[in-house]
Protein chains: 2
Amino acid sequence: MNLLLVEDEPNVVSVVVRGLAAEGFNVSVAPDGNTGEKMALTNHFDLIILDIMLPGINGLELCKIIKKEKPNVPIIMLTALGSTENVVAGLDNGADDYLIKPFKFAELFARIRMLLRRYNGSVNPDQVINISDLQINLTAKNVKRGDQEITLTATEYRLLEFLAKNKSKILSRIDILENVWDIDFNLGTNVVDVYVNYLRKKIDKNSDQKLIHTAVGLGYVMKEA
Amino acid sequence: MNLLLVEDEPNVVSVVVRGLAAEGFNVSVAPDGNTGEKMALTNHFDLIILDIMLPGINGLELCKIIKKEKPNVPIIMLTALGSTENVVAGLDNGADDYLIKPFKFAELFARIRMLLRRYNGSVNPDQVINISDLQINLTAKNVKRGDQEITLTATEYRLLEFLAKNKSKILSRIDILENVWDIDFNLGTNVVDVYVNYLRKKIDKNSDQKLIHTAVGLGYVMKEA
DNA sequence: TTTGCCCTTGATGAATTTATTACTAGTTGA
DNA sequence: TCAACTAGTAATAAATTCATCAAGGGCAAA
């Protein structure tokens with residue numbers, strides 16, 4: 001489960017991130033509204049926690065923007081004690097819930113569970129693989145590098161998915177042929193090389209950080225380093 | 001709108017009843033858990049507000065009982081400051097929301113609106129999907145592109161709705177066949193292609209911005225870009 | 001029953017994707 | 001360093017996959 005926390009106060013961030021990590025969530029943090037917007041729109045999150053008072057775009061605006069683009073991502077707003085008007089505005093902007101600071105962690109966690117339960121009932125969350133700034137949405141079958149959408153052909157996609165699912169494992173050409181092409185004999189071919197080449201052109205060409213690596217004599221690996 | 005308030009503290013009752021009446025709600029009050037149970041189960045309410053500390057059955061128990069019998073009635077719990085454990089328990093018992101006393105009336109009202117909106121179209125308008133200048137009214141089942149009304153046949157509409165609900169997801173022909181045509185075998189057909197073609201003629205033909213895209217070898221997607 | 005619309009099927013050529021080949025570039029180890 | 005091997009690339013031929021059309025069947029309303 002990937003969560004996004006948009007919050008500038010370091011102690012809130014620290015408490016929430018540690019608490020949620022302990023519960024098995026993967027938490028990304030944006031320190032201001034603009035970063036939050038970029039992250040929320042370019043990456044996949046299962047739930048977003050927004051502070052209202054933020055540098056850059058404020059939480060209410062951000063809530064509206066996100067809900068417009070991604071109506072199926074639940075949002076929890078955080079607000080300072082006493083600013084009830086904000087709460088009302090937040091809920092009217094599409095927020096699903098809110099908490100008043102200071103809040104207890106158990107309370108936040110209970111609300112997160114409630115929202116995930118509610119949303120998952122109807123639409124199940126997308127399955128997503130992230131490797132560095134490469135994002136593969138297995139459910140939607142689309143691929144992004146940074147915020148650049150990448151169009152792949154069917155075979156290219158199958159190859160990428162196989163490499164990504166086996167991140168950091170060296171895969172021999174035979175492994176790849178068996179899993180992506182469904183052939184376990186006929187080794188007089190270099191399709192794999194050719195398709196790895198195609199993938200590199202689409203995925204690694206415009207980036208300094210190469211993700212597809214050659215293990216000479218062994219095969220190929222997909223990894224960050 | 002009929003609301004039920006189960007609460008024994010007279011001043012809370014007074015504030016809430018007067019406030020909600022002013023907003024046009026019809027509020028019934030039960031002063032203890034047993035009365036609350038009887039009223040909740042025998043009458044129709046659109047929403048129930050439950051104090052946790054109550055004479056008779058306590059609010060948590062009552063919540064569980066009501067949710068078992070009438071899972072579609074939203075419930076807001078009221079709890080005293082500092083008893084976070086109760087909150088967690090309440091949400092796990094099926095409560096939809098909670099408020100910590102003392103609370104501001106505006107906050108209660110915002111949460112009531114949120115819940116009513118979520119549970120039932122009664123407070124909110126029709127459910128509408130907008131993709132670029134295409135507008136699909138799921139309630140009225142009509143479709144507009146720009147301000148041009150578009151007439152679709154039943155199957156065309158079902159297909160469009162499915163594509164739109166899965167905006168940006170690549171949907172395989174099989175996905176589409178299963179969800180729009182209810183068949184999961186018989187794959188020797190090209191109905192999907194033909195109907196996508198029909199839809200394109202009605203929706204994309206007269207617009208520069210195409211919304212239905214083909215992902216060769218994978219299926220079709222509906223998206224802006 | 002007939003009419004008219006809606007749905008489905010099959011066929012066609014066009015477009016795109018895939019596989020192969022042949023060649024060049026790069027790497028390894030004696 | 002040089003051969004021998006391994007990997008990368010471009011061009012092209014083969015194979016899929018798609019868009020579109022036209023025709024026939026089914027069903028409901030007149």
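Numbers restart at 1 for each chain; the letters A, B, ... are given by sequence-line order, proteins then strands.
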Taking only the side-chain heavy atoms of [X] (C-beta and beyond), determine which of [options] contains the nearest atom.
| X | options | value |
| --- | --- | --- |
| B:Lys201 | D:dC21, D:dC18, D:dA11 | D:dC21 |
| B:Ala154 | C:dC7, C:dA22, D:dA19 | C:dC7 |
| A:Thr155 | D:dC18, D:dA7, C:dA19 | C:dA19 |
| A:Thr153 | C:dT18, D:dT17, D:dG8 | C:dT18 |
| A:Val216 | C:dT9, D:dT6, C:dA19 | D:dT6 |
| A:Tyr198 | D:dA11, D:dA7, D:dC18 | D:dA11 |
| B:Val194 | C:dC7, D:dC21, D:dG8 | D:dC21 |
| B:Arg200 | D:dA19, C:dC7, C:dT18 | D:dA19 |

Would you kindly give the [atom1]-to-[atom2] distance between [X] and [N], to the nearest whole Å?
| X | N | atom1 | atom2 | result |
| --- | --- | --- | --- | --- |
| B:Asp204 | D:dA19 | CG | P | 12 Å |
| B:Asp193 | D:dC21 | CG | C1' | 13 Å |
| A:Asn190 | D:dT12 | CG | P | 17 Å |
| A:Lys202 | C:dT18 | NZ | C1' | 12 Å |
| B:Ile212 | D:dC18 | CD1 | C1' | 15 Å |
| B:Glu156 | C:dC5 | CD | P | 14 Å |
| B:Asn197 | D:dA22 | CG | P | 12 Å |
| A:Leu159 | C:dA19 | CG | P | 11 Å |

Give a yes/no answer on whether the side chain of [X] brings an N or O atom under 4.0 Å of OP1 or OP2 in [N].
| X | N | value |
| --- | --- | --- |
| B:Trp181 | C:dC7 | no |
| A:Arg173 | D:dA7 | yes |
| A:Thr214 | D:dG8 | yes |
| A:Thr189 | C:dA19 | no |

(message) Quiz question: by atom type and distance under 3.5 Å, do the side chains of A:Gln209 and A:Ser132 form a donor-acceptor pair?
(response)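 Indeed, the side chains of A:Gln209 and A:Ser132 share at least one donor-acceptor pair under 3.5 Å.
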(message) Ignoring hydrogens and geometry beyond distance, is a side-chain donor-acceptor pair present between B:Ser207 and B:Asp204 at under 3.5 Å?
(response)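 Short answer, no.
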(message) Just to be sure I understand the rule, does A:Arg158 reach a base, reach only the sugar-phosphate, or reach nothing, if contact means heavy atoms closer than 4.0 Å?
(response)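 The residue A:Arg158 makes no contact with any strand.
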(message) Categorize A:Tyr220 for me: base, sugar-phosphate, or nothing, with a 4.0 angstrom heavy-atom threshold over every strand shown.
(response)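 Sugar-phosphate contact only - A:Tyr220 comes under 4.0 Å of backbone atoms but never of a base.
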(message) Quick check: any donor-acceptor pair below 3.5 Å linking the side-chain of B:Tyr195 to the base of C:dT9?
(response)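 Answer is no: no donor-acceptor pair is held.
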(message) Under 6.0 Å between ring centres: does that hold for A:Tyr195 and A:Trp181?
(response)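 For A:Tyr195 and A:Trp181, the ring centres are under 6.0 Å apart.
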(message) If the threshold is 4.0 Å, N to carboxylate O, is there a salt bridge linking A:Lys141 and B:Asp175?
(response)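 Between B:Asp175 and A:Lys141 there is no salt bridge, as every charged N stays at least 4.0 Å from the carboxylate O atoms.
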(message) So does A:Thr151 get a backbone contact from the side chain of A:Lys202, meaning a donor-acceptor N/O pair under 3.5 Å?
(response)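 Side chain of A:Lys202 to backbone of A:Thr151: a pair is present.
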(request) Please confirm whether the backbone N or O of B:Asp193 pairs with a side-chain atom of B:Asn190, one donor and one acceptor, at under 3.5 Å? (result)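 Answer holds: no.
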